[in-house]
Engineer: 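The structure under discussion is supplied below as structure tokens; questions concerning it will follow.
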Amino acid sequence: MEFTLKYKDLNEKREIPHEDYTIKDLLDELELSAQTVVSKQNGELVIEDTQIREDDEIQIVQIIYGG
Amino acid sequence: MQCSKCGNPKVIYKREQSGQLLCKDCFIESIEKKVIKTVKKEKLLDKGDKVLVALSGGKDSVTTLEILNSFREMNVIDLCAVTVDEGIANYRQEGVDIAKRHAERFGIEHKVVSLKEDYGITLDEIMQRPNHKGSCTYCGVFRRTIINKAAREMGATKIATGHNLDDEVQGIMMNYLEGNTDNLTKLGAKTESHAEEFTVKIKPLREIPEREIGLYVVAKELEVHFDSCPYAMQSFRGEVSEVINQLAEKHPTIKYSTLRGYDKIKGVLKKEMQKEYAHGRCKRCGEPSANELCKACSFLEELGV
């Protein structure tokens, strides 16, 4: 089971590692703080508790930069 | 899971401090209502004001323009904008272009002023000098002077900046940690100077967390310049911001309580600690100044410009 991740220049297929895999889990893997990004699932804004499903397109938009 | 206000199942935001869940429309409405509430509570606008928005093209200034425009549509105020081009390669131009497009979208008077044209030097060039005082020191002073001059030239009665809750809390903590009681008296929703030549500054987004402004522009599909100033990480502000954000993860109301606490003591602080400055003119540029040279011109003299 795969999904597509779009983040900055990244556009890649990734495995869904387990059931109940959420955007929050993905952000933790990418070492991104939920405070600095917003997430879209198939083009629509969602909260980080949202579960990632097969063939989803997950886009992460950085809205806060350091400093 | 559904929106706490309208029941829509498409929730886009969870407010950590209250547990409130919001759909896109209710989230956008909540931000706009809160800004309007701040404007009214703090009496930031008077009917007939011409408000100059300091428009960088970033999320905060674009949101400020977007929401203040609702007062323009009601014929309460008029709007204009100024964008400062500090001369930072591979960073500033995109913001300038975006600012131009927003000004055109609203059909408002817009001016772009560059440090190079006004002072003959860019921030990049200053940063190549040995013994410089740090990018934010120059940028802050030159930008303030340019914006204040533009306000006078454009006949503005107020200057609106995009300072958000995070900026304001960082300002409070930075000045406290540095023991800078004078600067601590100058924060707040509305800052006025005794000198007539300084236009009143207002901060309509002062109670909105930075992250909510980021989400607002994405939800409203507003074009903004999302990027980091290449000099940002060199600042003390960056360090203070990091500490506050770490604390906020466990204590989600800490930014609001810091702001509220400051607002409670501000009156006493101003009364006890505010310095009275002499009202003179800078002998080099004629801008209002407490000393022979204004801050901007004393930097220019040091830089040999």
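Reminder, nothing fancy here: chain letters follow the sequence lines and each chain counts from 1. A quick note: this is a predicted structure, and the numbers were derived from the prediction, not measured.
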Engineer: Quick check against the 3.5 Å criterion: does B/Asn183 have a side-chain atom that pairs as donor or acceptor with the backbone of B/Asn180?
Structural biologist: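 No, B/Asn183 side chain to B/Asn180 backbone: no donor-acceptor pair under 3.5 Å.
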Engineer: Indicate yes or no for a side-chain donor-acceptor contact from B/His251 to the backbone of B/Thr253 under 3.5 Å, with no hydrogens or angles considered.
Structural biologist: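 Looks like no, no N/O pair under 3.5 Å.
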Engineer: Say whether, by atom type as modelled, one donor and one acceptor occur between the side chain of B/Ser228 and the main chain of B/Pro230 under 3.5 angstrom.
Structural biologist: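 No, B/Ser228 side chain to B/Pro230 backbone: no donor-acceptor pair under 3.5 Å.
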Engineer: When you measure from the side chain of A/Thr36 to the backbone N and O of A/Ile64, does any donor-acceptor pair fall under 3.5 Å?
Structural biologist: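 Flag not set: sc A/Thr36 to bb A/Ile64 has no pair under 3.5 Å.
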Engineer: Are A/Glu29 and A/Arg14 within salt-bridge range, i.e. N to O under 4.0 Å?
Structural biologist: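 Looking at A/Arg14 together with A/Glu29, the answer is yes, because their closest N to O distance falls below 4.0 Å.
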Engineer: Does the distance from a Lys or Arg side-chain N to an Asp or Glu carboxylate O, for B/Arg206 and B/Glu168, drop under 4.0 Å?
Structural biologist: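 Looking at B/Arg206 and B/Glu168, the cut-off is met.
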Engineer: Identify whether the distance between the nearest side-chain nitrogen and carboxylate oxygen of B/Lys255 and B/Asp166 falls below 4.0 Å.
Structural biologist: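 A salt bridge is present here (some side-chain N lies under 4.0 Å from a carboxylate O).
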Engineer: Mind checking which of residues 207-216 of chain B sit less than 4.5 Å from chain A, heavy atom to heavy atom?
Structural biologist: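 Counting heavy atoms that sit under 4.5 Å from chain A, the residues of residues 207-216 of chain B involved are B/Glu210, B/Arg211, B/Gly214, B/Leu215.
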Engineer: Under the 3.5 angstrom rule, does the side chain of B/Glu125 hit a backbone N or O of B/Thr122 as a donor-acceptor pair?
Structural biologist: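 Side chain of B/Glu125 to backbone of B/Thr122, a donor-acceptor pair under 3.5 Å: yes, one is there.
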Engineer: Please determine if B/Arg101 and B/Glu223 form a salt bridge, counting it only when a charged side-chain N lies under 4.0 Å from a carboxylate O.
Structural biologist: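 Salt bridge flag = yes for B/Glu223 with B/Arg101.
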Engineer: Which residues, numbered in order, of residues 53-62 of chain B come under 4.5 angstrom of chain A by heavy-atom distance?
Structural biologist: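 Result: B/Lys59.
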